[in-house]
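What follows is a short report on a single structure.
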Amino acid sequence: MASPVTDSAGLSPCIETVSWNADMVGTLPMPEAEAPMSSSVLNNCNIPKPPPLPSKIVTRNKHPKWPPESSFAPKETKDMWDKLFKDGNGADLCIFTEDKSCIFAHSSVLSIASPVLGYRIGKSKIKHGMKYIQIPGLPHDAVRVFIRFLYSSCYEGEELKKYALHLLLLSHCCSDPQLKRVCICYLEQDFLTTENVIDTLLLARKCDAPRLVLICVRLVVKNFKSVSSTEGWKLMKRIYPDIEQELVESVVEADSKKQERQRKIEEKKVYTQLYEAMEALLHICKDGCRTIGPRDKMLKGNQIACNFPACKGLEALVRHFSGCKTRVPGGCSHCKRMWQLLELHSRMCNEPDSCKVPLCRHFKEKIQQQCKKDETKWKLLVNKVIAAKNGSYLFSSR
């Protein structure tokens with residue numbers, strides 16, 4: 001009995017058998033235009049000219065400027081207020097810190113700079129013409145840096161790095177958005193490690209810093225194994241079990257998304273290989289390639305390199321299909337792959353009458369007899385193969 005491939009397309013499998021990888025073309029996985037503008041609108045001379053292109057392209061930085069501007073006051077003004085704080089001339093307020101040491105300040109300045117401190121100062125007692133308030137639980141130097149910032153918006157970089165968390169807490173509790181922004185900017189860019197990320201996360205949640213919370217969560221998800229072994233994690237697990245549960249769920253969700261992305265990437269590879277196999281099949285049946293092709297084509301031989309990556313494996317598959325004694329659907333695994341590739345081509349082919357691929361018209365007629373369920377599966381496969389080649393598979397609807 002003559003081969004249907006040879007009879008239908010006139011292929012001549014001549015010269016030598018080529019080695020191939022059968023897995024390359026494995027079993028197939030089943031898975032409003034705008035109206036044109038009228039000429040009258042285009043020719044309308046009353047349309048204003050477009051504005052000129054910008055001279056400089058403005059790009060959005062990934063991170064805010066560091067160090068951020070805490071105040072736009074002139075330097076001389078800042079220096080004057082800074083000197084007033086350091087000298088303490090005319091101070092009428094004494095701020096006691098954790099170690100019982102005192103920081104002298106002016107109650108009128110702090111009341112204007114921070115309404116929260118102003119309220120506490122108004123409720124304070126006066127002894128010998130001096131008002132007294134306490135800021136317990138924080139280091140003396142951290143409180144001093146905070147009070148200095150309220151005066152002049154000045155700070156030393158090393159002090160900010162050392163007391164960033166303390167200053168974030170003070171700026172939030174005392175309603176100082178400028179210092180809070182400076183602290184958050186530093187914590188987001190230069191501070192976070194696997195050791196302190198939990199402490200920073202808990203404080204950011206208390207201080208209403210959602211961006212900082214998100215960055216901390218991302219760091220926890222990325223380095224979950226290291227973070228979960230720190231003392232901060234163990235303490236959080238004991239005191240805030242609900243937050244620990246949220247972080248664990250975030251890690252699980254991130255891992256699921258990663259696996260889903262990887263699965264889609266692997267699927268895209270399979271569908272891309274199928275598209276390349278369709279191109280190679282059409283190339284072999286229409287133009288011929290090296291040692292196989294239509295009888296009316298002059299073959300070029302093995303020495304000519306082929307531009308179709310799937311051609312070599314498909315050439316061997318076609319050779320097997322034309323000479324296989326079984327060659328029935330389901331009888332031979334290699335022939336089964338070939339049947340599926342031929343049917344896939346017929347569903348993607350728009351010219352069955354003039355197509356030189358074997359059995360193209362036969363499968364077109366067979367489509368009319370298939371059940372709706374099989375037809376839906378094949379349509380989905382065709383759409384995914386085309387989408388993978390167009391680079392839109394990862395963004396297409398499932």
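Reckoned from all heavy atoms, side chains included, excluding hydrogens, waters and symmetry mates. Numbers here are sequence positions counted from 1.
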(request) Test side-chain contact (heavy atoms from CB on, under 4.5 Å) on E276 and T272 and set out the steps. (result) CA-CA 6 Å; E276 292 173 352; T272 302; 3.9 Å; yes
(request) May I ask you to test the V270-E266 pair for a side-chain heavy-atom distance under 4.5 Å? (result) no
(message) Which heavy atom of L150 sits nearest to which heavy atom of S114, and what is that distance?
(response) CD1-CB, 4.5 Å
(message) Under 4.5 Å between side-chain heavy atoms, counting indirect links through other Ile/Leu/Val/Met/Phe/Trp/Tyr residues: same cluster for F96 and V143 or not?
(response) no
(request) Please report the C-alpha distance between I103 and I135 in whole Å, then the side-chain angles of each, then the deciding distance to 0.1 Å, and finally whether the side-chain contact (heavy atoms from CB on, under 4.5 Å) criterion is met. (result) CA-CA 10 Å; I103 300 174; I135 302 182; over 6 Å; no
(request) For atom CZ of R347, decide whether the heavy atoms of other residues, nucleotides or ligands shown that lie under 6.0 angstrom number more than 12. (result) yes
(request) Could you tell me whether the side chain of E159 reaches within less than 4.5 Å of the side chain of K162, counting heavy atoms only? (result) no
(message) Between I386 and Y271, is there a side-chain heavy-atom distance shorter than 4.5 Å?
(response) no
(request) Decide, yes or no, whether a salt bridge links D87 with K83 under the criterion of side-chain N to carboxylate O below 4.0 Å. (result) yes
(request) Return each pair, listed once, that meets ring pair (Phe, Tyr, Trp, His ring centres under 6.0 Å) where at least one residue sits in residues 206-261; pairs must be two or more places apart or across chains. (result) F224-W233
(message) Would the distance check show the side chain of D92 and the main-chain N or O of S107 forming a donor-acceptor pair, the cut-off being under 3.5 Å?
(response) yes
(request) Answer yes or no: are there more than 12 heavy-atom neighbours, outside R205 itself, under 6.0 Å from its atom CZ? (result) no
(request) Nearest 0.5 Å please: distance from the NE2 atom of H128 over to the SG atom of C94. (result) 12.5 Å
(message) For D242, is the CG atom crowded, meaning more than 12 foreign heavy atoms sit under 6.0 Å from it?
(response) yes
(message) Quick check: do F146 and C174 have side-chain heavy atoms less than 4.5 Å from each other?
(response) yes
(request) Examine F104 and L110 and state if one hydrophobic cluster contains both, with Ile, Leu, Val, Met, Phe, Trp and Tyr joined whenever side-chain heavy atoms are less than 4.5 Å apart. (result) no
(request) Search all heavy atoms of L187 against all heavy atoms of A164 and return the closest pair with its distance. (result) CD2-CB, 3.7 Å
(message) Are L247 and V227 packed together at the side-chain level, in the sense that at least one heavy-atom pair is separated by less than 4.5 angstrom?
(response) no
(request) State plainly whether the residues E260 and R263 are in salt-bridge range, i.e. N to O under 4.0 Å. (result) yes
(request) Take L381 and L274, measure what side-chain contact (heavy atoms from CB on, under 4.5 Å) needs, and give me the verdict at the end. (result) CA-CA 10 Å; L381 176 61; L274 287 176; 4.2 Å; yes
(request) Return yes if some donor-acceptor pair links the side-chain N/O of N196 with the main-chain N/O of T193 below 3.5 Å, else return no. (result) yes
(message) So that I can confirm a possible disulfide, could you see if the SG-SG distance for C349 and C355 falls below 2.5 Å?
(response) no
(request) Can you measure from OG1 (T200) to CG (L168) and round to the nearest 0.5 angstrom? (result) 9.0 Å
(request) Check whether V217 and I184 end up in the same hydrophobic cluster, where Ile, Leu, Val, Met, Phe, Trp and Tyr are linked by side-chain heavy atoms less than 4.5 Å apart. (result) yes
(message) Could you measure the distance from the NZ atom of K384 to the NZ atom of K268? Nearest 0.5 Å is fine.
(response) 13.5 Å
(request) Check whether any side-chain N or O of D190 sits under 3.5 Å from a backbone N or O of Y186 as a donor-acceptor pair, and report yes or no. (result) no
(message) According to a hydrophobic-cluster definition based on side-chain heavy atoms being under 4.5 Å apart (Ile, Leu, Val, Met, Phe, Trp, Tyr only), do I121 and M130 belong together?
(response) no
(message) Looking at every non-hydrogen atom in both residues, tell me the closest pair between D208 and K180 and how far apart they are.
(response) O-NZ, 3.6 Å
(request) Could you check if a side-chain atom of Q340 sits within less than 4.5 angstrom of a side-chain atom of K336, using non-hydrogen atoms only? (result) yes
(message) I need the minimum non-hydrogen distance between H172 and C207, along with the two atoms involved.
(response) ND1-O, 3.2 Å
(message) Would the distance check show the side chain of R211 and the main-chain N or O of C185 forming a donor-acceptor pair, the cut-off being under 3.5 Å?
(response) no
(request) Check for a donor-acceptor pair, side chain of S228 on one end and backbone N or O of K225 on the other, with a separation under 3.5 Å. (result) yes
(request) Answer yes or no: is there a donor N or O on one side and an acceptor on the other, between the side chain of N223 and the main chain of L219, under 3.5 Å? (result) yes
(request) Quick one: pull up OG in S171 and CD in Q178 and give me the separation to the nearest 0.5 Å. (result) 11.0 Å
(request) Find the distance between SG (C102) and CD1 (I95) and round it off to the nearest 0.5 Å. (result) 7.5 Å
(message) Counting C-beta onward and ignoring hydrogens, is there a side-chain heavy-atom pair between V197 and I215 closer than 4.5 Å?
(response) no
(message) Please tell me whether S101 and T97 have a donor and an acceptor in their side chains that are separated by less than 3.5 angstrom.
(response) yes
(request) Compare all side-chain heavy atoms of L138 with those of E98 and state whether any distance is below 4.5 angstrom. (result) no
(request) State, to 0.1 Å, how close F191 and K161 come at their nearest heavy-atom pair, and which atoms those are. (result) CE1-O, 4.4 Å
(request) State whether E156 and R148 are salt-bridged, where the test is any N-O pair (Lys NZ or Arg NE/NH1/NH2 against Asp/Glu carboxylate O) under 4.0 Å. (result) yes
(request) Output yes when a side-chain donor or acceptor of H106 lies under 3.5 Å from a complementary backbone atom of N89, and no otherwise. (result) yes
(request) Please lay out, stage by stage, how S152 and D79 fare under the test side-chain contact (heavy atoms from CB on, under 4.5 Å). (result) CA-CA 7 Å; S152 61; D79 293 342; over 6 Å; no
(message) What's the separation between atom SG in C154 and atom NZ in K75, rounded to the nearest 0.5 Å?
(response) 8.0 Å
(request) Examine distances only and state if a side-chain atom of S111 and a backbone atom of S108 form a donor-acceptor pair shorter than 3.5 Å. (result) no
(request) Kindly work out whether a path of hydrophobic side-chain contacts (I/L/V/M/F/W/Y, heavy atoms less than 4.5 Å apart) joins V221 to M236. (result) yes
(request) Decide if atom OH of Y132 counts as having more than 12 heavy atoms of other residues, nucleotides or ligands within a radius under 6.0 Å. (result) yes
(request) For residues T194 and T230, report the shortest heavy-atom separation together with the two atoms involved. (result) O-CG2, 3.5 Å
